[in-house]
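Structure first, then comments.
Proteins come first, then strands; the chains are lettered A, B, ... in the order of their sequence lines, and each starts at number 1. Below, each value reflects all heavy atoms present in this structure, side chains not excepted, and no hydrogens, waters or symmetry copies.
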There are 2 protein chains.
Amino acid sequence: MTSRAAPSRRHRVREHALDEIQRTARRLLVEQGPAAVTLRAIAREMGMTAPGLYRYHSSHQDLIQALASHLYDELATALAAARDEHPASEPGQRMRAVCRQLRRWALAHPREFGLLFAKPLTDTDTAPGNAAHDPGWRFGGVILELMVQLWHRGGIHPPADLDTAWITQLEEVREHLAGEDVPLNVIYVFVASWARLFGAVAVEAFGHLDFALTNPEPLFEHTLQDILTALGDPTG
Amino acid sequence: MTSRAAPSRRHRVREHALDEIQRTARRLLVEQGPAAVTLRAIAREMGMTAPGLYRYHSSHQDLIQALASHLYDELATALAAARDEHPASEPGQRMRAVCRQLRRWALAHPREFGLLFAKPLTDTDTAPGNAAHDPGWRFGGVILELMVQLWHRGGIHPPADLDTAWITQLEEVREHLAGEDVPLNVIYVFVASWARLFGAVAVEAFGHLDFALTNPEPLFEHTLQDILTALGDPTG
DNA sequence: CTTCGAAAGTGAACAGTGTTAGCAATTGCT
DNA sequence: AGCAATTGCTAACACTGTTCACTTTCGAAG
């Protein structure tokens, strides 16, 4: 029963195999699209056969979800790294860097972005979901945390009147902000900003601006400025 | 050679068969998701076999694209109907109705919306595309037309300075606005508004607000108000 | 009215998919 | 050394898109 504490060589090679599966699956996704990420193709690339993969994932969907979870982590790490490029005393600059990094990651990895965020309506559901410990919160938390810090700085002018129907909903969101006693109408601003940021990135990453613009970056910068103004940090 | 002008019974039954394929494919999409829209399933539902469908569509992808094209038409018709609920003398009210209808359609038909707009990153590409006569322009044109009419009303305050890199891009967009000599910086406002509208609808339709809100309608109304303000019609 | 040809649909077949069952071999722990 | 878990394989089943050869149907021209 030493296997629990000690890495136990077997665990190591298993971890290595799991990692190779992830890397192979992702490579197929990037190079040939989602339809190419098939059990047999992954196995072929790894020099083994498809049923062997069932020793590592209980199904094709399980493998895809593991890949999605891994990508959520990568995105969260990238956002945190961008955040740490600026001092904690400047939450506005941090937020700017994080939002730009979110866009950059989405544009640099469109297939991965699609797997994470264009999937609730597709076959295999890899969406963030609702549970507290969901992989989606790992990267969402980075942004929400910065929003809370921006709120502490003051400058947010939340709407005075709030539809009563929102109260219950926003209270649930507040649960995720451990300990922070953020007013509900401020959380409303958070959600609105989140939606706008995500909408801007998604529309661009999904290519729905290609018909008009080959370089939508200035448009995104304008949107980003709006978002930060709403969050009380108009310094550009 | 009378078959060109006259409907010629054969054409009629063929049209009927094509229509039944569309309806069956859509029903499968709605009831069981995109993965269920398979040639054999469609044929089974219609009481025939899969190869028979090749008399109507050259491939599975071709059938899906035909379905997408049909859905673009339906959406365009729905938007036009919402537009016509208000007099042409009130382009602001018309725009409001069209935007609300776009959101309503997306929420009422999430699977269809996903087929149309979440697909560039998926297997079968059913995105609008760039060509002038693309099905995507059928519904996009409804919105752009209203934007032009709002511009004629005045009230748009476009940015004075415009990045030179945008000029070429926006000139291409202007080509689609037959005859209208819209200034480029006004077209910039069009594109920005389009992106914001689409981002708001897409984020909500893809379920990325479910974690926070069970009823994001007030948030959309707020966004819509912002959009119309940018387009020079702040009357709510 | 007969004949002819295009159109529509079928069944068989091929390569590919996810998945399961059963078997062989390697590996690590006692 | 021997036991048992782990790992991977082959074979097989049901499904997918697609092609081919064949039959049937049906509209139109002689």
Show me, pair by pair, the donor-acceptor contacts under 3.5 angstrom made by side chains of residues 191-199 of chain B, not counting sequence neighbours?
unit_1, atom_1, unit_2, atom_2, d
B:S193, OG, B:V189, O, 2.9
B:R196, NH1, B:D226, OD2, 3.2
B:R196, NH2, B:D226, OD2, 3.4

By salt bridge (Lys or Arg N to Asp or Glu O under 4.0 Å), which residues pair with A:E74, not counting sequence neighbours?
A:R26

Give the rounded distance in Å between these two atoms: CD of A:E15 and P of D:dT7.
11 Å

Name all residues meeting the side-chain contact (heavy atoms from CB on, under 4.5 Å) criterion together with B:E171; count only those two or more places apart in sequence or in a different chain, and write none if there are none.
B:I167, B:R174, B:L184

Considering all heavy atoms, the nearest A:S59-A:Y54 contact:
CA-CE2, 4.1 Å

With a cut-off of less than 4.0 Å, is there a side-chain N or O of B:R14 near OP1 or OP2 of C:dA7?
no

Contacts of A:R23 that satisfy salt bridge (Lys or Arg N to Asp or Glu O under 4.0 Å) - sequence neighbours left out
A:D19

Can you sort out the partners of B:E221 under salt bridge (Lys or Arg N to Asp or Glu O under 4.0 Å), two or more places apart, ordered by chain and number?
B:R100

Residues passing the side-chain contact (heavy atoms from CB on, under 4.5 Å) test with B:T214, sequence neighbours excluded, are A:Q169

Just how far, in rounded Å, is P of C:dG9 from CD1 of B:I42?
14 Å

Any idea how B:F206 and A:F206 line up, ring-wise: parallel (<30°), tilted (30 to 60°), or perpendicular (>60°)?
tilted

Rounded off to whole Å, could you give me the CG-to-P distance for the A:L63 and C:dG18 pair?
10 Å

Rounded interatomic separation in angstrom, taking CZ from A:R55 and P from C:dT20:
12 Å

Examine C:dA7: is either OP1 or OP2 under 4.0 Å from a nitrogen or oxygen in the side chain of B:Y56? Give yes or no.
no

Taking only side-chain N and O atoms of B:T49, does any of them lie within less than 4.0 angstrom of OP1 or OP2 on C:dT10?
yes

Calculate the interatomic distance between A:Q65 atom CD and C:dG18 atom C1'; express it in whole Å.
15 Å

Nearest-angstrom distance from the residue atom NE2 of B:H11 to C1' of D:dA28:
15 Å

Look for any protein N or O under 3.5 Å of an N or O in nucleotides 24-27 of chain D and output each such pair with its distance, or none.
unit_1, atom_1, unit_2, atom_2, d
D:dG27, OP1, B:R9, NE, 2.8

Residues at least two apart in sequence or cross-chain that pass side-chain contact (heavy atoms from CB on, under 4.5 Å) with B:H70, listed by chain then number, are B:Q22

Could you write nucleotides 11-18 of chain D as a row of B, S and -, 5' to 3', where a protein heavy atom under 4.0 Å of any base atom gives B, of only sugar-phosphate atoms gives S, and otherwise -?
BB---BBB

Residue set satisfying salt bridge (Lys or Arg N to Asp or Glu O under 4.0 Å) with B:E31, at least two apart, ordered chain then number -> B:R27

Apply ring pair (Phe, Tyr, Trp, His ring centres under 6.0 Å) to A:F190 and list each qualifying residue two or more places apart in sequence or on a separate chain.
none

Strand contacts (DNA chain D) in residues 21-32 of chain A, 4.0 angstrom heavy-atom criterion
none

